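Just so it is clear: chains get the letters A, B, ... in the order the sequence lines come, proteins before strands, and each one is counted from 1. Keep in mind that this is a model prediction, so the values were computed, not measured.
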2 protein chains.
Amino acid sequence: MGTTATQPSLWDRSRQAVVASIFDTAMRLFAEQGYEATTIAQIAKEAGISQRSLFRYFGTKEDIVCGEQEELGELLRATVEAQPAAATPWEALRAGFEVLMEAHGDPGQLLEITTLIFHTPPLRARYTQKRLRWQELVQPAVTARMAAGEGPVPQVRAAAVTATVFACVDAATEAWVRSGGSADLASLYDEALAAVRG
Amino acid sequence: MGTTATQPSLWDRSRQAVVASIFDTAMRLFAEQGYEATTIAQIAKEAGISQRSLFRYFGTKEDIVCGEQEELGELLRATVEAQPAAATPWEALRAGFEVLMEAHGDPGQLLEITTLIFHTPPLRARYTQKRLRWQELVQPAVTARMAAGEGPVPQVRAAAVTATVFACVDAATEAWVRSGGSADLASLYDEALAAVRG
DNA sequence: TGTCCGCTTGGCAGTCACTGCCACCCGGGC
DNA sequence: GCCCGGGTGGCAGTGACTGCCAAGCGGACA
């Protein structure tokens with residue numbers, strides 16, 4: 001997919017507009033009444049769209065909030081694999097997450113989304129499930145970097161390293177949310193990893 | 001009766017019997033047709049109980065499989081807190097999981113349950129969600145052990161250590177499932193943690 | 001023994017997320 | 001003017017789950 005730098009295409013444009021409209025409406029309602037108390041019917045109505053069409057844009061209610069993770073996973077994988085061969089898995093993954101953080105435009109909105117996810121159990125479950133997919137995506141790169149100079153790497157070892165990095169990202173994100181977004185996410189991550197590996 | 005620890009109470013007994021009957025029926029059907037293709041109505045019918053009552057024993061379909069995690073969390077917390085004060089958080093948590101593994105009677109059934117969970121995304125999401133609760137339970141004990149001799153411990157650090165241990169348990173469990181139960185779970189865990197902290 | 005009481009149970013109707021199906025509309029090519 | 005492909009809405013249905021209420025059942029007690 002890296003080849004086709006997909007142009008806006010006028011058709012995508014309107015699609016993006018509809019998606020954004022649904023998303024904004026939903027986030028407003030979630031903030032006003034809570035996630036569970038807001039029904040799909042209500043979101044569709046206020047966004048001026050049929051319930052049926054809403055499900056064509058977002059497969060599930062959870063995906064209205066957690067949807068964009070899909071694309072970001074690919075970016076993470078590509079970034080990690082693009083790191084210099086000399087980089088350790090830890091360094092490569094850290095670089096990957098650094099890019100992800102920059103990739104998100106509005107930091108205020110990111111905080112809003114993340115806070116909602118971390119305070120809503122079913123959303124957090126979905127979020128974790130998608131991050132599991134990310135782990136599978138970067139696993140090959142991690143395995144390759146761990147194999148440098150030595151024999152084959154047991155899957156457990158690569159899986160453990162990957163999962164640990166994600167666990168630290170999680171701990172850092174939680175602390176970031178708890179701080180109301182005032183703390184520095186990258187510093188929190190470094191402190192988390194230092195506590196583990198230090 | 002003599003010791004206050006467990007009161008069979010005759011009433012609990014029949015409850016346990018009903019729970020086991022529902023559980024066995026469900027696991028059989030899940031194995032035959034898959035988790036998603038099996039409906040609550042079908043489980044209730046084959047277990048000879050009304051749908052309404054089934055939901056009184058298991059709040060959700062997922063809890064039929066992931067239900068017993070609730071009680072085990074308390075056992076984990078108690079065990080970790082009961083470790084000698086000199087034990088590091090890593091040692092205390094490892095001891096906790098060791099007890100958990102022994103706590104489960106039938107290892108074959110444990111493998112069956114775990115395999116099902118790891119192969120069914122919504123179940124795995126639920127499972128992860130419950131393990132998050134375990135993390136909250138043991139967090140105080142971890143914090144206390146990290147504070148030994150030093151100043152207050154930032155929450156990120158304790159959360160990172162806890163989450164890392166759980167990540168390694170997860171990696172080990174996945175490898176264990178992949179091996180069909182033939183590998184040794186404790187050894188896999190040790191190897192996972194060594195890959196991270198080594 | 002009969003009666004009351006608390007607890008469990010089952011059925012029923014309703015909600016909500018989500019899906020399949022089909023009829024409809026709308027812009028562009030011929 | 002006609003056709004046609006893709007987006008859209010409505011509608012009925014499924015499956016998980018909940019609230020409500022009436023019925024059963026065992027024990028306590030007179």
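Side-chain atoms of B/R157 and B/T143, non-hydrogen and from C-beta on, never get closer than 4.5 Å to each other. Side chains of A/E36 and A/P122 form a contact here, defined as non-hydrogen atoms less than 4.5 Å apart.
A straight line from CZ of A/F55 to C1' of D/dC11 spans 15 Å, rounded to a whole angstrom. Atoms CD (B/Q51) and C1' (C/dT8) sit 18 Å apart, rounded to a whole Å. Rounding to whole angstrom units, CZ of residue A/F58 and C1' of C/dA17 are separated by 16 Å. The CG atom of A/L54 sits 14 Å away from the C1' atom of C/dT19 (whole-angstrom rounding). Remark: P of D/dA16 and CG of B/D63 are 14 Å apart, rounded to the nearest angstrom. Per the geometry, CD1 belonging to B/I64 stands 13 Å off C1' belonging to D/dG15, to the nearest Å. Atom CD1 of B/I22 and atom P of C/dT8 are 14 Å apart (whole Å). The separation between B/R15 atom CZ and C/dC7 atom P is 14 Å, rounded to whole Å.
Judged by distance alone, with hydrogens and angles left aside, B/R56 brings a side-chain donor or acceptor within reach of the base of C/dG10, the pair sitting under 3.5 Å.
Of the side-chain N and O atoms in A/Y57, one or more sit less than 4.0 angstrom from OP1 or OP2 of D/dT8. Note on B/S53: a side-chain N or O is less than 4.0 Å away from OP1 or OP2 of C/dG10.
Among the nucleotides D/dA16, C/dG11, C/dT19, the one closest to any side-chain atom of B/S50 is C/dG11.
A/D63 pairs in a side chain to side chain contact (heavy atoms under 4.5 Å, CB included) with only one of the listed residues (A/E70, A/K130, A/Q69), which is A/K130.
Each of B/R52 and A/T39 was matched to the nucleotide of DNA chain C holding its nearest heavy atom; the match closer to the 5' end belongs to B/R52.
Side-chain heavy atoms closer than 4.5 Å link hydrophobic residues (I, L, V, M, F, W, Y) into clusters, and following such links, possibly through other members, connects B/L193 to A/V161.
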